[in-house]
Amino acid sequence: MAARSEQSTQAPGMLPQSERVLREAFLQQVERIPGGEKLRRCIQCGTCTGSCPVSYAMDLTPREVIARFRAGDIDSILRSRTIWTCASCYMCTTRCPSGIKITDLLYALKRISMDRGIHAARFPVHVLSESFVRTVNRHGRNWETGMMERYWRRTTTPVLGLVNMLRQAPLFLRLRRHGRAHVLPKRIRGIRQLQAIIARAEQIERPVESIESKPITRRVGYESIGS
Amino acid sequence: MAAPTTDYAYFPGCSLESTGIAYDKSLRAVFRALGLGLHEIDDWNCCGATAYMSVKETVSFAISARNLALAERQGPRDIVAPCSACFLVLAKTRRFLQERPALREKVDEALAAAELSCECRARIRHPLEVLVNDVGIAQLRAAAKRSLRGHRFACYYGCQMVRPERYFEPDREFPMAMDDLFRALGAATVDYPLKVRCCGGMQMVTNEPVGLDLTQGLLDCAVSLGATAIVTTCPMCQFNLELYQDKITARAGRDLHLPVLFFTQPLGLALGCDPAALGFEHQVVPVPGDSLTLAEAGS
Ligand code: SF4
Ligand code: SF4
Ligand code: SF4
Ligand code: SF4
C-alpha cells in the first residue's frame, strides 16, 4: 500500500501509483451504484456526520471519508475503522442534500478492503460475514447457532475463543428455553441448485485486478484498526 | 370476513424460523383472520442479508434472485417479506436488476446454471404496508373484535424498512402508519422521537459497546415516555431490544425492562385471534397476562 515516503515525493496534484490503482478500483465500484456518480457533488455540509448514530465511534467521519477521497487518499479510508463501524442504517444517505449514496459507497470501500486483505484475519466484521456466508452456502439458510458458534471461536485465539463461546451460553440457553434457537441446521431441498448458482456467480465475479497487500496488523478486534 | 380478495407470496426469512418465530405465527394468524392468502415460497433460501451484499455483490444478488424466480413459478403475486433486512435485500435486488442491465445479465447467467429465470415483476412488500394500504386502517378497525384500550405503545420502525427502498410513507423521518393503526384500534401511542433511529443491527455482535449504547438509548426513551411495550416490525430490532435488557439495565443503573412485541401480535389480539396462536410464549421479557385479555371493541 501507499508508502508515506512515496506520497511525500509526489509533485503537487499528482497521485502516487498505489493511490491511482485504488481509485480505479473504487471508481469501478461506484459506477455500478445507481446514482453513485453524484459523489462529486458533496458540499461538505456535514449532514451525514451529524445524522450518523455511530459517528462518535468512528475515526474518520462520513463527511471526512468523502473529503479524503477527493483529496486523493483512499488508502487512509481503507485503513480506518469507519467502514466497519457503519451500521448500514442509511440515515446519511436519506438526508444528504446532494443525493450522495454514502452507505453504498461505504459498502464499496468495504469490498475493496476485503478483496485486498487489508485487515487482520480475525477482524470481527470479516469473521461474521465469512461465517454467515459459509452457513448459507452450506445449508441455504442461515443457522444462527452454528454461525455464532463459529464467530465466537474465530474472532480470537483458540483459548479465548472458547471462553467467549462459553460467555454466550446463557443467551443461547435463554433462547432455547423460549423456543427461539435451533440446535441443528435446516437444509433446503434445492441446496445443489443453490450451490450451482453460487459457483457460477463466483466465476463471473472474480475480480479482474488483484493487488498484493500485507495485512496491517496481526492484532485482533477493533483495536487492530484505526487510530 | 369477506372471501379472500388478495393472495400474497410469503418469504419468511431465516429469523422467522428461529429467533423471530413469534412474528411468523402472529403474521399468519393475522392474515388468516383477515381472509388474506399467504403462500410460502417453496424451498426459499436465505436472502443473503447485508452481510453477503457487502462482500460478494454478484453472488448476493444471484442467491436473492433465486427466491424471486421460485416465487414467480408459483404465480404472479406480490411477495410479503416481514423481516426488514429481507425486505430491503429483496427490494434492492429487484430494483438493481431492473436498473442495471449489466448486473442483470450476470445474474441471469448464474440463475441459468440452475435452470431458473426471473422476470422480476412481483413487487416486494412489507406486511405493515400491505395491511395499511391494501386492507386499510378503516377496514382493519371494522374487522376488530377487541379494543387495545389501556395499551400505550412506542412504535419503532427501525431503519431498513423505512429508508433505503422508500416504503409507502413519504415521511422517512417520522412515519406514522403503525401509530395510526394502533390508535384506530384503541391503543395510545407515545410520541417516540427515536422511532427510526438505528438500533445498531449486527454491531451488537461485532462491536458490543456501540450496539449497547444505541439500544440503551431506544429503551431509555420508551421507558421515560411511559410506554407499556415497544412494538417492532423486524425480528432483528426485536431481538436487540429485548434480549439485552438485563445487561442494559445493569449499565444504565435504572430498570429498563419493557416487553418488545411484533406489530402483528397486538394486531392479532385486536382482530380476535386466540392469544395462544400469537407466539407470546416466545417472549423473553414476559407480557403481563392480564394485558392479553381485551375488552370487546366498541364497549
Ligand atoms: S451530507 Fe452529503 S453533501 Fe453533506 S457532507 Fe455528507 S456527503 Fe457531503
Ligand atoms: S449508514 Fe453508516 S455512515 Fe450512514 S448514518 Fe448510518 S451508520 Fe452512519
Ligand atoms: S435477512 Fe436475515 S432473516 Fe432474512 S433471509 Fe436474510 S439472513 Fe435470513
Ligand atoms: S433498527 Fe436495527 S435491526 Fe432494525 S432494521 Fe435497523 S439496524 Fe436492523
Side-chain angles (χ1 to χ4, degrees), chain A residues 29 32 34 53-54 56-57 84-85 87-91 93-95 103 107 110-111 114 124-125 127-130 132-133 135-136 139-145 148 151 155 171 174-175 177-182 186 188-194 196-205 222, chain B residues 14-15 17-22 43-46 48-59 61-63 66 70 95-96 99-100 102-103 106-107 109-116 159-160 163-164 172-173 196-198 200-203 205-207 209-210 213-214 243 281-284:
Chain A
Q29 296 257 3
R32 297 204 238 137
V54 290
Y56 76 93
W84 307 110
T85 308
S88 307
C89 77
Y90 289 86
M91 196 49 122
T93 304
T94 305
R95 287 188 179 165
T103 317
Y107 274 147
K110 260 187 221 182
R111 281 195 290 267
M114 284 198 188
V125 182
V127 182
L128 187 66
S129 307
E130 190 212 357
F132 175 75
V133 166
T135 312
V136 173
H139 306 292
R141 299 227 174 132
N142 187 15
W143 172 45
E144 281 125 345
T145 312
M148 294 315 293
Y151 171 82
T155 28
L171 179 65
R174 217 161 184 205
L175 287 170
R177 213 172 329 120
H178 291 89
R180 290 169 68 170
H182 294 295
K186 207 175 199 178
I188 61 170
R189 293 194 314 279
I191 186 69
R192 294 262 164 268
Q193 187 195 44
L194 180 69
I197 295 175
I198 295 172
R200 181 69 61 86
E202 297 236 359
Q203 260 170 20
I204 302 171
E205 184 152 62
Y222 264 73
Chain B
C14 321
S15 304
E17 295 194 318
S18 52
T19 53
I21 188 157
D43 208 39
W44 55 271
N45 59 269
C46 166
T50 46
Y52 221 129
M53 204 167 273
S54 58
V55 196
K56 297 184 172 175
E57 209 196 18
T58 312
V59 183
F61 284 114
I63 63 172
R66 175 177 178 270
L70 292 180
R95 182 166 64 81
F96 273 39
E99 291 177 9
R100 285 171 41 185
L103 176 71
K106 291 186 196 168
V107 168
E109 195 188 326
L111 285 179
E115 280 153 34
L116 286 173
C159 32
Q160 308 292 338
R163 281 191 284 279
R172 294 194 279 181
E173 297 278 350
V196 298
R197 192 164 170 100
C198 179
M202 287 312 273
Q203 300 268 336
V205 174
T206 56
N207 199 354
V210 171
D213 279 351
L214 296 181
L243 275 129
E281 71 276 20
H282 301 293
Q283 303 301 128
V284 167

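Heavy atoms only: backbone and side chains are in, while hydrogens, waters and symmetry mates are out. Proteins come first, then strands; the chains are lettered A, B, ... in the order of their sequence lines, and each starts at number 1. This one's a predicted model, so the numbers in the text were calculated from it and none came from an experiment.
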Between [atom1] on residue [X] and [atom2] on residue [Y], distance to nearest 0.5 Å:
X	Y	atom1	atom2	answer
B:Met202	A:Tyr151	CE	OH	8.0 Å
B:Leu214	A:Tyr56	CG	OH	5.0 Å
A:Ile197	B:Ile63	CD1	CD1	9.0 Å

For A:Arg192, give me all partners under salt bridge (Lys or Arg N to Asp or Glu O under 4.0 Å), at least two apart in sequence or on another chain.
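If we apply the salt bridge (Lys or Arg N to Asp or Glu O under 4.0 Å) test to A:Arg192, skipping adjacent residues, there are no hits.
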
Counting heavy-atom pairs closer than 4.5 Å to chain A, which one of [options] comes out on top?
options	answer
B:Thr58, B:Val210, B:Leu116	B:Thr58
B:Val205, B:Val107, B:Asp213	B:Val205
B:Pro209, B:Ala102, B:Cys46, B:Ser15	B:Cys46

Is there side-chain contact between B:Arg197 and A:Pro53, with heavy atoms separated by less than 4.5 Å?
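Yes; the side chains approach each other to less than 4.5 Å.
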
Among the listed options A:Arg180, A:Arg174, A:Arg177, the residue most often paired with chain B at heavy-atom distances under 4.5 Å
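Of A:Arg180, A:Arg174, A:Arg177, A:Arg180 has the most heavy-atom pairs under 4.5 Å with chain B.
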
Among A:Ala196, A:Ala199, A:Gly190, which has the most heavy-atom pairs under 4.5 Å with chain B?
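Most heavy-atom pairs under 4.5 Å with chain B: A:Gly190.
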
For A:Gln193, is it the side chain, the backbone, both, or neither that has a heavy atom closer than 4.5 Å to a heavy atom of chain B?
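Both parts, backbone and side chain.
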
Side chain from CB out, backbone as N, CA, C, O: work out which of these in A:Leu175 comes under 4.5 Å of a heavy atom of chain B, or both, or neither.
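The side chain, not the backbone.
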
Identify which part of B:Glu109 has an atom lying under 4.5 Å from any heavy atom of chain A, answering side chain, backbone, both or neither.
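Contact with chain A is through both the backbone and side chain of B:Glu109.
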
Could I get the full list of side chain to side chain contact (heavy atoms under 4.5 Å, CB included) partners for B:Glu17, not counting sequence neighbours?
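Listed in chain order: A:Arg141, A:His182, A:Lys186, B:Trp44.
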
